[in-house]
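Down below is the structure, laid out as structure tokens.
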Amino acid sequence: MLVNSRELFKIAQREHFAIPGANFVDMESIKFHVGTAQELQLPLILEVAESHLGDNISLEDAVLVGRKYAEEASVPVVLHLDHGESFETCRRAIDLGFTSVMIDASQKSFEENAAVTKRVVEYAHAHGVVVEAEIGHVASNFNENDRESLYTTAEEAKAFTEASGCDSLAISIGTAHGVYKAKAIPEISFKALSEIRAAVDTPLVLHGGSGSGDDNLRRCAREGICKVNVYTDLYLAAMAAAAQAKAGDYLALRNALKRGMSDCLKHYYSVFETRRIK
Ligand code: 13P
């Protein structure tokens, strides 16, 4: 069942659980993630980052395969563009058939971020699509040039949601994208989360789920985060399963990758205490 995230996030917010935002990078990982959601009978945010578009998958491929598997699933599946870098990419994704887009202008000034987000929101809403935006900045450990995380404050979250009209908001409370240096579990500011939660009704989402600690993430889900993005751990788990399987042929390798990725997603479903949604 292909849906946008509006109703899913309302339920997650009310019932204090989170839904995984599982990143795909090719057509196989679309099938793996939807297959796992289907097996567990749980909702899924199926997402691809603009930075992963290219030889392995295009926006057109993502729509063709993502929509097919989402529509065929008996559970709600959102087809989401992660970290859209411009109004133009968001518009293309919306025109092609994504049901949700993220415009990430978090590196820009508050005013520029709010203005471009508002523009995407107007276009998206006219097409029945929802918009995630980010205020503060979740750093990326993949990219050494990325500057440090900037924590989101309740005041700016409130002002930003009012100015932009975004449907969900990614906040920065201590996680980072990628593998943490020295594999240390980050310290999450639950105080910031509770202040932001109290200040805005807009559903809150968290990036950089990988390696952030199961107890931390469970608490985030219980205390107001509706979606947690996971990328790195899914692919590390796939590689670990492949290495362990010592697969001698292509199909055995593919099955090992699928099993590794699926087991990791199942683990996060249990950490986030995701519930069934009819
Ligand atoms: P991780 O790679 O740290 O799981 O982050 C994923 C993410 O936030 C994608 O937007």
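Ligands are counted one by one from 1 in listed order, and the atoms in each one are counted from 1 as well.
For ligand 1, the atoms lying closer than 4.0 Å to a non-hydrogen atom of H207 are 8 (O), 10 (O). Taking a cut-off of under 4.0 Å to the non-hydrogen atoms of Y231, the atoms of ligand 1 that pass are 1 (P), 2 (O), 4 (O), 6 (C). Of all atoms in ligand 1, numbered sequentially from 1 with element shown, those under 4.0 Å from a heavy atom of T232 are 1 (P), 2 (O), 3 (O), 4 (O). Of all the atoms in ligand 1, the ones that sit under 4.0 Å from a non-hydrogen atom of A176 are 3 (O). Close approach of ligand 1 to H83 is summarised as follows: ligand atoms under 4.0 Å from at least one heavy atom of the residue are 10 (O). Near N23, the atoms of ligand 1 lying under 4.0 angstrom from a non-hydrogen atom of the residue are 9 (C). Numbered from 1 in the order shown, with element, the atoms of ligand 1 that lie under 4.0 Å from a heavy atom of V230 read 4 (O). Under a 4.0 Å criterion applied to the non-hydrogen atoms of D82, ligand 1 contributes the atoms 9 (C), 10 (O).
S5 places none of its side-chain heavy atoms less than 4.5 Å from the side chain of D167. Taking the side chain as every heavy atom from C-beta outward, D61 and S58 approach each other to under 4.5 Å. Contact check for N216 versus R219: no side-chain heavy atoms found under the 4.5 Å cut-off.
With respect to E273 and R222, a salt bridge is recorded, a charged nitrogen being found less than 4.0 Å from a carboxylate O.
Remark: side-chain polar atoms of H207 are not paired, donor with acceptor, to backbone N or O of T175 under 3.5 angstrom.
Heavy-atom contacts from other residues, nucleotides or ligands closer than 6.0 Å to CE of M239 number 12 or fewer. The 12-atom threshold is not exceeded at CD of Q244, counting heavy atoms of other residues, nucleotides or ligands nearer than 6.0 Å.
The aromatic rings of Y231 and H52 sit tilted relative to each other, their planes meeting at an angle between 30° and 60°.
For E47, no nitrogen or oxygen atom sits less than 3.5 Å from a nitrogen or oxygen atom of ligand 1, counting backbone and side chain alike. Remark: ligand 1 and D233 share no N or O pair separated by less than 3.5 Å (distance only, no angle test).
Residue-ligand proximity: S212 is placed with every non-hydrogen atom at 4.0 Å or more from ligand 1. Residue-ligand proximity: G178 is placed with a non-hydrogen atom under 4.0 Å from ligand 1.
A cation-pi arrangement is not found for R275 relative to F17, the charged atom failing to lie both closer than 6.0 Å to the ring centre and inside a 45° cone about the ring normal.
Taking all heavy atoms of G208, A49, G21, S51 into account, the minimum distance to atom 8 (O) of ligand 1 is reached by G208.
Residue, atom and distance of the protein heavy atom nearest to atom 4 (O) of ligand 1 are S210 OG, 2.5 Å.
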